[in-house]
Structure formats: C-alpha cells, structure tokens
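All remarks here apply to the structure that follows.
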Amino acid sequence: MSSWRMTRVFLGSPISVLEARRFVTAFLPTWPGLDDAVLIVSELATNAVRHTNSGRPGGRFIVSLEVVGSALALAVQDEGGPRTPRLLPLSPSEMGGRGLALVSNLSAKWGVAGDDNGRTVWAVLEATPLAMVRP
C-alpha cells in the first residue's frame, strides 16, 4: 500500500489561496480527482482566510495532503475563531455560504476538529488504485 504526506504553511492572505491550489496540483498531478482536490483545498483555504484568525495580519494556515492506499485526505488547519465551520442552508438569493456544501458533495467524508484556538477542516477523496499509478 502506497502512503505519503506533504504539508505546507501559507500566509493568511487571499493570494495564498492560489498558492495552496498550486501546491495541490504540484503534488497530485496524476491524481484522478485532481480537480475536486484543488476545489476542496481552495474552498477550505478561502474559509480559513475569510472566517478565522488566520486571515488577520500575520496569520497563517496549513494545508496537508495525505495519500494512504486509494484515499486522499485533504486538510486545512487555521488559527481558530469564534465560529465553528458548518453547512449552511443553501439560499438562491445568497452568493456565499456554498463552500462546505461543495466540500460535502465532492468528498467521501469530511469533518471539523478543534476549537476557538485552531481548527482543522478535512475531507477524504477516494480513487481506484489503478488510476493512481504514476507513469
């Protein structure tokens, strides 16, 4: 069973969301669900920058990628804040609030761990072992 983990720290600014997307693309170029993985990390990093202390001056967030067998675990660790990430009821009139709904729909499972001092929002994607073989 193939297994590896890669982690990177990013400054808590909007431009770092683009860098987090590039990080995923660089380490998962042949992953069959690459587009889903990039979108999930983008949504979670955006939430960290917008809704947690990671978005304050000097703030940071951490992106982790872990492959174990046919599973890819994606995680974004933030510096905490007063609100716990949760799925919001979708409203046709609201432009925001869809990030975790996307994560939920794209992933096999997802969740939140931590408290006001720091949280990790994670998601797991599954792929067939044959599709993960690197050329």
Side-chain angles (χ1 to χ4, degrees):
M1 173 184 310
S2 170
S3 162
W4 58 267
R5 180 182 174 111
M6 184 62 58
T7 301
R8 182 172 167 201
V9 177
F10 296 88
L11 294 177
S13 67
I15 193 69
S16 293
V17 174
L18 174 61
E19 292 301 316
R21 292 170 62 97
R22 289 180 179 156
F23 171 71
V24 173
T25 302
F27 284 97
L28 299 170
T30 60
W31 185 266
L34 177 61
D35 291 341
D36 291 348
V38 169
L39 182 55
I40 288 170
V41 167
S42 181
E43 291 296 333
L44 298 181
T46 297
N47 285 351
V49 171
R50 286 188 182 165
H51 303 298
T52 77
N53 294 332
S54 292
R56 292 185 176 178
R60 292 186 163 84
F61 64 92
I62 300 169
V63 175
S64 297
L65 314 172
E66 184 172 9
V67 172
V68 178
S70 64
L72 168 63
L74 307 161
V76 174
Q77 180 181 347
D78 63 47
E79 294 183 345
R83 296 184 296 177
T84 300
R86 61 185 173 86
L87 281 174
L88 298 175
L90 295 179
S91 168
S93 62
E94 295 292 324
M95 293 303 293
R98 291 177 165 75
L100 287 180
L102 277 170
V103 171
S104 178
N105 287 331
L106 294 173
S107 62
K109 58 186 172 180
W110 73 279
V112 179
D115 58 25
D116 292 0
N117 297 312
R119 289 187 184 85
T120 300
V121 184
W122 56 268
V124 175
L125 296 175
E126 294 286 341
T128 59
L130 292 178
M132 296 182 331
V133 176
R134 293 185 184 220

Transitive ILVMFWY side-chain link [X] to [Y], under 4.5 Å:
{"X": "Leu65", "Y": "Leu18", "value": "no"}
{"X": "Leu72", "Y": "Leu106", "value": "yes"}
{"X": "Val121", "Y": "Leu39", "value": "yes"}
{"X": "Val112", "Y": "Val63", "value": "yes"}

Could you check if a side-chain atom of [X] sits within less than 4.5 angstrom of a side-chain atom of [Y], using non-hydrogen atoms only?
{"X": "Phe23", "Y": "Val41", "answer": "no"}
{"X": "Val38", "Y": "Leu28", "answer": "no"}
{"X": "Asp78", "Y": "Ile62", "answer": "no"}

Would Ser3 and Val68 satisfy side-chain contact (heavy atoms from CB on, under 4.5 Å), going step by step from the backbone distance to the final call? CA-CA 4 Å; Ser3 162; Val68 178; 4.2 Å; yes
Taking [Y]'s backbone N and O only, do any of them form a donor-acceptor pair with [X]'s side chain (distance below 3.5 Å, no angle check)?
{"X": "Ser54", "Y": "Glu79", "value": "yes"}
{"X": "Thr25", "Y": "Arg21", "value": "yes"}
{"X": "Arg119", "Y": "Gly81", "value": "yes"}

Got a second to check how far [X]'s [atom1] is from [Y]'s [atom2], nearest 0.5 Å?
{"X": "Thr7", "Y": "Phe27", "atom1": "OG1", "atom2": "CZ", "answer": "10.0 Å"}
{"X": "Trp4", "Y": "Glu66", "atom1": "CH2", "atom2": "CD", "answer": "9.5 Å"}
{"X": "Ser107", "Y": "Glu126", "atom1": "OG", "atom2": "CD", "answer": "10.5 Å"}
{"X": "Phe61", "Y": "Leu44", "atom1": "CZ", "atom2": "CG", "answer": "10.0 Å"}

Passing option when Val103 is tested against Leu74, Ile40, Asn47 for side chain to side chain contact (heavy atoms under 4.5 Å, CB included):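 Checked Leu74, Ile40, Asn47 against Val103; only one passes side chain to side chain contact (heavy atoms under 4.5 Å, CB included): Ile40.
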Give me the atom names and distance for the closest heavy-atom approach of [X] to [Y].
{"X": "Asn117", "Y": "Asp115", "value": "N-OD1, 2.8 Å"}
{"X": "Val76", "Y": "Ala45", "value": "CG2-N, 4.1 Å"}
{"X": "Ser64", "Y": "Arg5", "value": "OG-NH2, 3.3 Å"}
{"X": "Val124", "Y": "Ala71", "value": "CG1-CB, 4.2 Å"}
{"X": "Leu125", "Y": "Trp31", "value": "O-CZ2, 4.2 Å"}

Only distances under 3.5 Å count here; give the side-chain donor-acceptor pairs of residues 8-16 to other protein atoms, sequence neighbours excluded, each with its distance to 0.1 Å.
| residue | atom | partner | partner atom | Å |
| --- | --- | --- | --- | --- |
| Ser13 | OG | Ser16 | OG | 3.3 |
| Ser16 | OG | Leu11 | O | 2.7 |

Mind running side-chain contact (heavy atoms from CB on, under 4.5 Å) on Val24 and Leu34 for me, showing each step along the way? CA-CA 8 Å; Val24 173; Leu34 177 61; 4.2 Å; yes
